[in-house]
Amino acid sequence: MKGSSFSKINMIFVILCFFTNLRICLGDMNGIGEQPLSKIAIHKTILALHSSASITASPFLLGNKGEDTELVTVEVESPEPTNEDWVGVFSPANLNSSICTPDPGGIGWVETPYTCSAPIKYKYANHSNPNYKKTGKNTLKFQLINQRADFSFALFSGGLSNPRLVSISNFIAFANPKAPVYPRLAHGKSWNEKFVHQRQMTVTWTSGYDISEAVPFVEWGPKGGKQIQSAAGTLTFNRNSMCGEPARTVGWRDPGFIHTSFLKELWPNMKYTYRLGHFLSDGSYVWSKRYSFKASPYPGQNSLQRVIIFGDMGKAERDGSNEYADYQPGSLNTTDQLINDLDNFDIVFHIGDMPYANGYISQWDQFTAQVQQISSKVPYMIASGNHERDWPNSGSFYDTPDSGGECGVPAETMYYYPAENKAKFWYATDYGMFRFCIADSEHDWREGSEQYKFIEHCLATVDRKQQPWLIFAAHRPLGYSSNDWYAKEGSFQEPMGRESLQGLWQKYKVDIGFYGHVHNYERVCPIYQNQCVNNEKTHYSGTVNGTIHVVVGGGGSHLSDFTTAPPIWSIFRDRDYGFVKLTAFNHSYLLFEYKKSSDGKVYDSFTISRDYRDVLACVHDGCEKTTLAT
């Protein structure tokens, strides 16, 4: 190679065996989906450096003004261009085989030395330029986020399945790769005797600072008022925490350090500002930009309260990277609609299947960056989905490989949620007039199980005169769905779902049950034991005779088909991307709206009006015991 030093050749050579050709099958059963990064078979890479090929990236230094994302220009030139050429983004840039154990997982590396890190993203070299095959030249744009390390770009020929390494770029980096980024708000533990009339808000973020380098904290206080500092705890996880490949092998990337601070003694509905801080050992400080949030209302408080609910959003790249599998085509539409409407809702519930990282750990950073404008301002509450948790012989209820070996670890670490045990992803949380009981469909929910006891306790302990709106949510449809595969099974639900839980929903008069997993929208009539108990479709009033079940899994991932013969209980179906908004105006009136992500307009809606006596009223299998004694 003309003009190259031995050290550069050696550095380039270790790029050869990054990935496996392992294809993780997505377990939604709604047509096969595939993690885009899993398509690359770099274990087959052949070193084919060409002296006339080049790839350069600019600017060299990113985030000069504290930005955590920046657009990078990559100039590509190949003397033998084909439409199969592609460019991968690698971080850390100096690919190093020292972190790898020999042939981890028995993948079958073609050459050594090698490195175990997958790319963060990729594009075909002819992206947006049909003349690339003729000219051999193109200019690509990559949107990079701060991920605690530097970056390099590599040009490959031979396609994704038989890659040949042609050239590698210069290194580029953010001014402070370790900076605190991507804040995620969430409710802390529920109101209790220790915090009477007070609510905790938690702030979680990611940085490159271990506690041996810097002390993490949050500076916060009432908007325009005195600011105080609250310490944060620090967690991380390592390769050995993963249950299988690719998370333990080619998909592994150091997640950095995850910090969580508990902001206590908040005044209900007061606006607060905050910023993330790290106190370094040399006495200096590193700060994030300043953010704001509004404290949650006191349980039962009568005020306007607005809730967003959806599932299965995934992540997508604004620069067009990775989007060759039609993997999560609606993700950015949903994200952007929520960002545009950020002043008109108060809390978000993302009920499972978040980034669909499927064992490619770098994608968790990409997801937290995508939703940070939302999660930094309102509580972003999550539930566990199959793509977060499921892995064979790992304790998940389903013995499938859907998490790509993550077995719940990144989700449980990257986000806070008020569960008693983070590995058991069920919890209760209150928001004013709402009580939310969030179940974990990836663990046993059947009668007699630990989770069943939790669900009943959550439903039974709400004071319905103060919190009339009782919501149940889980990732998989434990209620009703007319999705095609459920119809073929004849169950119209996740097997064993409502058989175990419908007695509780009826007994405690749950208003609405929400589910994801199925990538579409469907609303079911108020129902009990497969029978609609109310013929109305747009307005419900009076006694709570049955629960309304809603599938809202159209957050962004590839869409699911319905059965061609809809059941009588299916009121509204939409094979499109969207989300639900609940608006509680007071203790007696609730508005439900389904909005499409494409335009933010309402396509399905209904209202509920009732009094406390309607909740108390006796219904079938939902009556309190009485006596004839006087």
Side-chain angles (χ1 to χ4, degrees), residues 67-71 141 143 145 181-186 203 223 269 271-274 288-296 303-321 323 327-351 353-356 365-382 415 431 514 516 519-521 550 552-559 574-585 591-605:
E67 304 96 331
D68 54 32
T69 182
E70 192 158 332
L71 195 63
K141 299 287 187 178
Q143 190 77 40
I145 63 168
V181 289
Y182 320 132
R184 286 92 76 182
L185 297 174
V203 184
K223 189 173 183 179
N269 287 77
K271 291 184 178 180
Y272 291 85
T273 62
Y274 70 99
S288 74
K289 65 181 181 181
R290 194 170 292 278
Y291 303 92
S292 65
F293 69 88
K294 184 177 76 172
S296 299
S303 59
L304 182 66
Q305 295 157 17
R306 304 155 300 177
V307 181
I308 298 293
I309 305 176
F310 60 88
D312 305 75
M313 185 169 77
K315 55 156 286 291
E317 300 292 344
R318 296 188 183 277
D319 61 13
S321 300
E323 296 305 311
Y327 193 46
Q328 287 128 13
S331 178
L332 290 177
N333 281 348
T334 300
T335 301
D336 291 344
Q337 284 295 341
L338 295 179
I339 290 172
N340 293 337
D341 201 38
L342 198 50
D343 291 332
N344 296 311
F345 60 87
D346 306 302
I347 186 170
V348 168
F349 286 85
H350 186 160
I351 53 176
D353 284 6
M354 291 179 284
Y356 289 82
D365 285 322
Q366 303 285 336
F367 177 76
T368 56
Q370 179 174 313
V371 301
Q372 74 160 331
Q373 286 181 261
I374 306 166
S375 66
S376 65
K377 186 172 182 179
V378 301
Y380 199 95
M381 311 302 294
I382 65 171
Y415 280 83
Y431 191 87
F514 286 99
H519 301 167
N520 54 39
Y521 168 78
V550 178
V552 63
S557 192
H558 51 285
L559 292 169
D574 187 33
R575 189 183 181 276
D576 204 350
Y577 301 105
F579 53 91
V580 162
K581 181 179 181 180
L582 299 177
T583 303
F585 293 95
L591 171 64
F592 173 108
E593 298 172 297
Y594 163 66
K595 298 185 175 186
K596 289 198 180 193
S597 300
S598 58
D599 58 15
K601 295 180 180 178
V602 176
Y603 286 80
D604 183 36
S605 65

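Residues: numbered from 1 along the sequence shown.
Side-chain contact, Y594 with D574: a donor N or O sits under 3.5 Å from an acceptor N or O. A donor-acceptor pair shorter than 3.5 Å can be found between the side chains of S303 and Q305.
Remark: Q143 CD is packed, more than 12 non-hydrogen atoms of other residues, nucleotides or ligands lying under 6.0 Å away.
Atom-to-atom distance recorded for D68:CG and I145:CD1 is 8.0 Å, nearest 0.5 angstrom. In this structure, F349 CZ and L582 CG are separated by 9.5 Å, a value rounded to the nearest 0.5 Å. We find the CZ-NE2 distance between F367 and H350 to be 5.0 Å, quoted to the nearest 0.5 Å. The distance from the OH atom of Y274 to the NZ atom of K223 is 13.5 Å, given to the nearest 0.5 Å. Atoms OG1 and CE, from T368 and M354 in turn, are 10.5 Å apart once rounded to the nearest 0.5 Å. Here the OG1 atom belonging to T583 is positioned 9.0 Å from the CG atom belonging to N344, to the nearest 0.5 angstrom.
In this structure, the side chain of S331 engages the main chain of G314 through a donor-acceptor pair within 3.5 Å. A donor-acceptor pair under 3.5 Å is formed between the side chain of S375 and the backbone N or O of P183. Between the side chain of D312 and the backbone N or O of G554, no donor-acceptor pair lies under 3.5 Å.
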Please report the C-alpha distance between Y577 and N333 in whole Å, then the side-chain angles of each, then the deciding distance to 0.1 Å, and finally whether the side-chain contact (heavy atoms from CB on, under 4.5 Å) criterion is met. CA-CA 8 Å; Y577 301 105; N333 281 348; 5.8 Å; no

Apply side-chain contact (heavy atoms from CB on, under 4.5 Å) to V378 and L185, showing your working. CA-CA 6 Å; V378 301; L185 297 174; 5.7 Å; no

Dump the intermediate steps for side-chain contact (heavy atoms from CB on, under 4.5 Å) on K581 and D341, then the final yes or no. CA-CA 11 Å; K581 181 179 181 180; D341 201 38; 4.1 Å; yes

Between F579 and S597, does the side-chain contact (heavy atoms from CB on, under 4.5 Å) criterion hold? Intermediate values first, please. CA-CA 7 Å; F579 53 91; S597 300; 3.9 Å; yes

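Shortest non-hydrogen contact noted between A316 and Q328 is CB-O, 3.9 Å. Y431 and S296 get closest at one heavy-atom pair: CE1-OG, 3.5 Å.
The side-chain contact (heavy atoms from CB on, under 4.5 Å) test with S557 is passed by exactly one of K315, H519, M313: H519. For the pairing with D336, the side chain to side chain donor-acceptor pair (under 3.5 Å) check across R318, Q370, Q373 returns one residue only, R318.
Contact annotation: the side chain of Q372 approaches that of Y291 to within less than 4.5 Å [non-hydrogen atoms, C-beta and beyond]. Here the side chains of Y521 and D576 are not in contact, with every heavy-atom distance at 4.5 Å or above. Within the 4.5 Å cutoff, side-chain heavy atoms of I374 are placed close to those of F345. Using a 4.5 Å cut-off on side-chain heavy atoms (C-beta onward), F585 and L304 make contact. Looking at heavy atoms from C-beta onward, V552 lies in side-chain contact with I351 at the 4.5 angstrom threshold.
Cation-pi geometry between R184 and Y380 is not met at under 6.0 angstrom from the ring centre and within 45 degrees of the axis.
The pair R306-D343 does not count as a salt bridge, with every side-chain nitrogen at least 4.0 angstrom from each carboxylate oxygen.
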